[in-house]
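This one's a predicted model, so the numbers in the text were calculated from it and none came from an experiment.
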Amino acid sequence: MYRFAKAAVNVTGQAVRQVRHGSSSAHEFHAKYGTGLLIGGAVFCTTVWGYVLTQTGITWNMSPVGRVMPKEWRESEE
């Protein structure tokens, strides 16, 4: 168990050092594609919600007060 714990700490330490120093490939990716991905995601989200709100016919939070009438009470037929 000691060897496993020691190996786990070593791997964790290596991961922390990599994160602290930063990966240049991640920075390059975000610098190159970050803005485009953000704009593309916003356009996609807006398009989907626009379709849902205008084309699906869903009625959103409409109150039934004043439109739903109770049924007449039926006396039991004995």
Side-chain angles (χ1 to χ4, degrees):
M1 188 66 173
Y2 172 74
R3 292 167 74 190
F4 175 74
K6 187 176 177 183
V9 168
N10 187 27
V11 169
T12 305
Q14 289 175 356
V16 168
R17 281 191 295 279
Q18 285 178 351
V19 169
R20 241 186 242 154
H21 292 292
S23 173
S24 62
S25 64
H27 177 68
E28 291 171 6
F29 177 84
H30 288 294
K32 190 172 182 180
Y33 301 110
T35 305
L37 283 173
L38 183 65
I39 292 171
V43 168
F44 176 77
C45 183
T46 304
T47 303
V48 169
W49 273 109
Y51 175 79
V52 168
L53 293 173
T54 60
Q55 302 298 317
T56 58
I58 296 175
T59 305
W60 299 90
N61 294 328
M62 298 300 288
S63 174
V65 174
R67 287 186 287 138
V68 176
M69 301 300 293
K71 293 180 181 178
E72 287 293 324
W73 180 258
R74 291 188 309 171
E75 295 291 331
S76 61
E77 299 172 15
E78 294 184 42

Worksheet entry | Partners meeting side-chain contact (heavy atoms from CB on, under 4.5 Å) with I39 (sequence neighbours left out) | T35, V43
Fill in: Partners passing side-chain contact (heavy atoms from CB on, under 4.5 Å) against Y51 (at least two apart in sequence or in another chain)
Q55, T56
Fill in: Steps toward side chain to side chain contact (heavy atoms under 4.5 Å, CB included) verdict (Y33, L38)
CA-CA 9 Å; Y33 301 110; L38 183 65; over 6 Å; no
Worksheet item: Hey, what do you get for CZ (F29) to CG (L37), rounding to the nearest 0.5 Å?
Response: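 Rounded to the nearest 0.5 Å, the CZ-CG separation comes out at 5.5 Å.
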